[in-house]
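Side chains are part of it too, since the values below use all heavy atoms of this structure and drop only hydrogens, waters and symmetry mates. Residue numbers start at 1 and run along the sequence shown.
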Amino acid sequence: MKLTREFQIRSYDALVSHTSIVFIRYIMLAVIARRNTDPRTIGELFYACYDEIQDITLMEALTLLLELLKSTIKQVLVLSEEKVKELLFYFVNSLPAWLREKVLLLNCES
């Protein structure tokens, strides 16, 4: 931002003014850079793509993560189904209470 090379001033007010001008210049450059590179500036194309991407719920995300954890444990550690269930039981019990309830609800549904 060239704070040290543009001016050689000694008064406090001039230093504050100069620093403010440099910050404003930086903000203006950042806004221009965002307009030129941000995909949201393409216009309706971003929103058309955004609308087509479906958000998944917390329950779906937890289900996917637990299934991935279970399959990874089976593959990497080569454990029996009982050992995998035991590890998942310890994992679920170490979760915070609000999350544990949701995970236990998932296990009851599946």
Chemist: Do you reckon Y90 sits in the same ILVMFWY cluster as L66, going by side-chain contacts under 4.5 Å, direct or chained?
Modeler: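 Cluster IDs for Y90 and L66 differ.
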Chemist: Using the rule that Ile, Leu, Val, Met, Phe, Trp and Tyr join whenever any side-chain heavy atoms are under 4.5 Å apart, tell me whether V84 and L68 fall into a single cluster.
Modeler: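 No; L68 is not reachable from V84 via cluster members.
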Chemist: So if you build clusters from Ile, Leu, Val, Met, Phe, Trp, Tyr with side-chain heavy-atom gaps below 4.5 Å, do L65 and F89 land together?
Modeler: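 No: no chain of side-chain contacts under 4.5 Å links L65 to F89.
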Chemist: To the nearest 0.5 Å, what is the distance between OG1 on T19 and CD1 on I24?
Modeler: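 One finds 11.0 Å between OG1 of T19 and CD1 of I24.
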Chemist: Is it true that atom NZ of K85 has more than 12 heavy atoms of other residues, nucleotides or ligands lying nearer than 6.0 Å?
Modeler: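 No - once you tally the heavy atoms of other residues, nucleotides and ligands closer than 6.0 Å, there are 12 at most.
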Chemist: Kindly indicate, with the supporting measurements, whether the criterion side-chain contact (heavy atoms from CB on, under 4.5 Å) is fulfilled by R25 and V22.
Modeler: CA-CA 5 Å; R25 182 174 46 197; V22 171; 3.4 Å; yes
Chemist: Can you get from L88 to L77 by hopping between Ile, Leu, Val, Met, Phe, Trp and Tyr side chains that sit under 4.5 Å apart?
Modeler: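 Both belong to a single hydrophobic cluster.
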Chemist: Is L69 close to I73 at the side-chain level, that is, under 4.5 Å between some pair of heavy atoms?
Modeler: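 Touching, per the 4.5 Å side-chain cut-off.
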Chemist: Take E86 and E82, measure what side-chain contact (heavy atoms from CB on, under 4.5 Å) needs, and give me the verdict at the end.
Modeler: CA-CA 6 Å; E86 186 179 330; E82 294 80 27; over 6 Å; no
